[in-house]
**Q** 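Below: one structure in structure tokens.
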Amino acid sequence: MSRNPYPNPNDPGYEEEQAAEASRQRRLRIGVGALVLVVIAALGAWFVVDGGSNNTGNTKHAAAPVPKEPGRLISAEPYTQGIPGFVQAWKILYTTTRDKGVPAVASALVMVAHDHPAGPRPVIAWAHGTTGIAEKCAPTGDEDPVALASIPDFTQAIDAGWAIVATDYTGLGTPGPHPYLVGQGEGRSVLDSVRAAHELTDLQLQDKTIVWGHSQGGGAALWAGILAPTYAPDAHVIAVAGIAPADDLPGLVNNISTLAGGQVFAAYLIKAYSEIYPDVKFDSYVKAADQASVTQIAGSCIAEKAILASLSQTVGVTSSIYARDPLSGPLGKRLRQNVPTGSITVPLLIAQGLSDNLVLPNVQAAYVAKRCADPANGPLDYETYAGRGHTDIIVPGSGMLPRLLAWTVARFAGTTAPSTC
């Protein structure tokens, strides 16, 4: 299959597809799923590197009764918005659960190549990075969902004949709260999207799933690997790849509390945790003078210009929003609770950029060392990439991409997985 459905400039639709591809590449270079605000410290000013989003939300729900069991398909409809011409896609609604089994509904995209044989396809379950915590911030509600979800090597994965199942998670595209950096909720959204995709009547899927995730989604992927054997063995997870995963949450929170631009992630985290955990009180952790602005930031998607307006009314670019140590009290307890420390028995790949200033390389290395020290874990391949930061590790030209593809091909083939432990 051609990686460009309109390779000839004389073909109908060539210019439109080229413009769409340029838009996708621009959004991928920006790294919408992670830090989109860049601060030039010497100037002390904010710069927005994305032009905004036309995301109007994705709140359409099926009229049919919602099954009680998690991982069940509620509805499926063809989806074409922002989808390349060589891809066939469906938007699905499905059942899942939050912490402690609270029922919930989530949305996802299921994507395959148009011209591949209809036989069973291996599955890539994609867990996207930060887009926001409001319902309107779902990739399936965006004009360019593939780019907003920042799916790495999207065309190559489709070319390989794999099915991509990309969850929005609960609370994005469906009523919240969104379990931002809450492991159980994110991991279950990933696993249940795969189970529901198996119920599509127009698609045959193999009983082989590899979970990919970046940043927030990297942590979700790790949680999916932990939960799969007991929560969703029928998702058939055979391997997990976490790219710059947000795994050591206390370390991450310590970093973003002082990082220029970190207020965005801090606002998302404290708002989400205070909505999900009754013992985490928003008013007790956020400075009184900043509470209105933090709430406004939390209601904005990370690709929206509105985030800049919110930031201009809040604290200085290197000032923390917290009124108390976020690692103390109930919030600190919940952060530690959401570190993905459980066993992952299937092969695991963790990729880390050594110039990452959000998920710090030394923090990641310490997390990997703890995993390597636990004999209950399966093989772990830890790969680092000099000169790559948090977002550009997943853009075209990154050495991580061919490694991810080769590793995934080998796992689907059942070859022995490497380990750097």
**Q** Is it true that a side-chain atom of Y169 and a backbone atom of P179 form a donor plus acceptor pair closer than 3.5 Å?
**A** no
**Q** Could you give me the CA-CA distance, side-chain angles and deciding distance for V112 and L203, then say whether side chain to side chain contact (heavy atoms under 4.5 Å, CB included) is met?
**A** CA-CA 9 Å; V112 297; L203 183 63; 3.8 Å; yes
**Q** Indicate yes or no for a side-chain donor-acceptor contact from S398 to the backbone of M400 under 3.5 Å, with no hydrogens or angles considered.
**A** yes
**Q** Roughly how far apart are D356 CG and T391 OG1, rounded to 0.5 Å?
**A** 8.5 Å
**Q** Grab the two heavy atoms, one from I344 and one from G225, that are nearest each other, plus how far apart they are.
**A** CG1-C, 4.1 Å
**Q** Test the K287-Y322 pair against the cation-pi criterion, namely NZ or CZ under 6.0 angstrom from the six-membered ring centroid and within 45° of the ring axis.
**A** no
**Q** Could you tell me whether a side-chain N or O of D192 sits under 3.5 Å from a main-chain N or O of R72, the two making a donor and an acceptor?
**A** no
**Q** Apply side chain to side chain contact (heavy atoms under 4.5 Å, CB included) to residues V359 and Q364 and explain how you reach the verdict.
**A** CA-CA 7 Å; V359 175; Q364 194 70 269; 3.5 Å; yes
**Q** Taking all atoms of both residues into account, what is the closest heavy-atom pair of D374 and S343, and its distance?
**A** OD2-OG, 4.2 Å
**Q** Would T167 and Y94 count as a side-chain hydrogen bond (donor to acceptor under 3.5 Å, both in side chains) if you check the C-alpha gap in whole Å, the side-chain angles of each, and the deciding distance to 0.1 Å?
**A** CA-CA 10 Å; T167 183; Y94 63 94; 2.7 Å; yes
**Q** Quick check: W126 with F154 (ring centres under 6.0 Å apart)?
**A** no
**Q** Using only heavy-atom distances, determine whether the side chains of E186 and Q216 contain a donor-acceptor pair under 3.5 Å.
**A** yes
**Q** Taking side chain as C-beta onward, heavy atoms only, is R188 less than 4.5 Å from P70?
**A** no
**Q** Looking at every non-hydrogen atom in both residues, tell me the closest pair between P379 and A417 and how far apart they are.
**A** CG-CB, 3.8 Å
**Q** Is there a donor-acceptor pair under 3.5 Å between the side chain of Y231 and the backbone N or O of L191?
**A** no
**Q** Please work out which of the three classes, parallel, tilted or perpendicular, describes the rings of Y268 and Y180, given edges at 30° and 60°.
**A** perpendicular
**Q** Using atom types as modelled and distance alone, determine if a side-chain donor or acceptor of T420 lies under 3.5 Å from a backbone N or O of Y382.
**A** yes
**Q** Taking C-beta and beyond as the side chain, do K208 and V123 meet within less than 4.5 Å on heavy atoms?
**A** no
**Q** Which heavy-atom pair separates P177 from I276 by the least distance, and what is that distance?
**A** CG-CG1, 3.8 Å
**Q** Evaluate the side-chain proximity of W407 to P347: yes if any heavy-atom separation is below 4.5 Å, no if none is.
**A** yes
**Q** What do the steps show when you test L327 against V253 for side chain to side chain contact (heavy atoms under 4.5 Å, CB included), and what is the final call?
**A** CA-CA 8 Å; L327 302 187; V253 168; 4.3 Å; yes
**Q** Can you tell me how far apart CD (Q184) and CG (L227) are? Round to the nearest 0.5 Å.
**A** 4.5 Å
**Q** Is a side-chain donor or acceptor of Q81 paired with a backbone partner of D142 at a separation under 3.5 angstrom?
**A** yes
**Q** Report yes if some heavy atom in the side chain of R324 is under 4.5 Å from a heavy atom in the side chain of S284; otherwise report no.
**A** yes
**Q** Could you tell me whether D381 and R403 make a salt bridge, using a distance below 4.0 angstrom between a side-chain N and a carboxylate O?
**A** yes
**Q** Is there a donor-acceptor contact under 3.5 Å from the side chain of S300 to the main chain of Q296?
**A** yes
**Q** How far does NZ of K370 sit from OG1 of T341, to the nearest 0.5 angstrom?
**A** 9.0 Å
**Q** Is there a side chain to side chain contact (heavy atoms under 4.5 Å, CB included) between N338 and Y273 once you walk through the steps?
**A** CA-CA 11 Å; N338 282 289; Y273 270 56; 3.3 Å; yes
**Q** Is there a side-chain contact between V110 and L200, using heavy atoms and a 4.5 Å cut-off?
**A** yes
**Q** Nearest 0.5 angstrom please: L401 CG to Y385 OH, how far?
**A** 8.5 Å
**Q** Which heavy atom in S189 sits nearest to a heavy atom in T96, and how many Å separate them?
**A** N-OG1, 3.7 Å
**Q** Would you check if V280 and I270 make a side-chain contact, meaning some heavy-atom pair closer than 4.5 Å?
**A** yes
**Q** Is there a donor-acceptor pair closer than 3.5 Å between any side-chain N or O of Q291 and the backbone N or O of V286?
**A** yes
**Q** Using modelled atom types only, decide if a donor and an acceptor are shared between the side chain of R98 and the backbone of V102 within a distance under 3.5 Å.
**A** no
**Q** Looking at R371 and P340, what are the two nearest heavy atoms and their distance?
**A** NH2-O, 2.9 Å
**Q** Taking the side chain from S215 and the backbone from P245, do they hold a donor-acceptor pair closer than 3.5 Å?
**A** no
**Q** Nearest 0.5 Å, what's the OG1-NE2 distance between T130 and H178?
**A** 7.5 Å
**Q** Mind checking whether I243 and P152 have side chains closer than 4.5 Å, heavy atoms only?
**A** yes
**Q** I'd like to know whether W212 forms a side-chain hydrogen bond (donor to acceptor under 3.5 Å, both in side chains) with T408, so could you lay out the CA-CA distance, the side-chain angles of the two residues, the decisive distance to 0.1 Å, and finally the verdict.
**A** CA-CA 10 Å; W212 291 357; T408 301; 3.1 Å; yes
**Q** Could you tell me the separation between the CG atom of L405 and the CG atom of D153, rounded to the nearest 0.5 Å?
**A** 4.0 Å
**Q** Are H214 and I393 side-chain neighbours, meaning at least one heavy-atom pair lies under 4.5 Å?
**A** yes
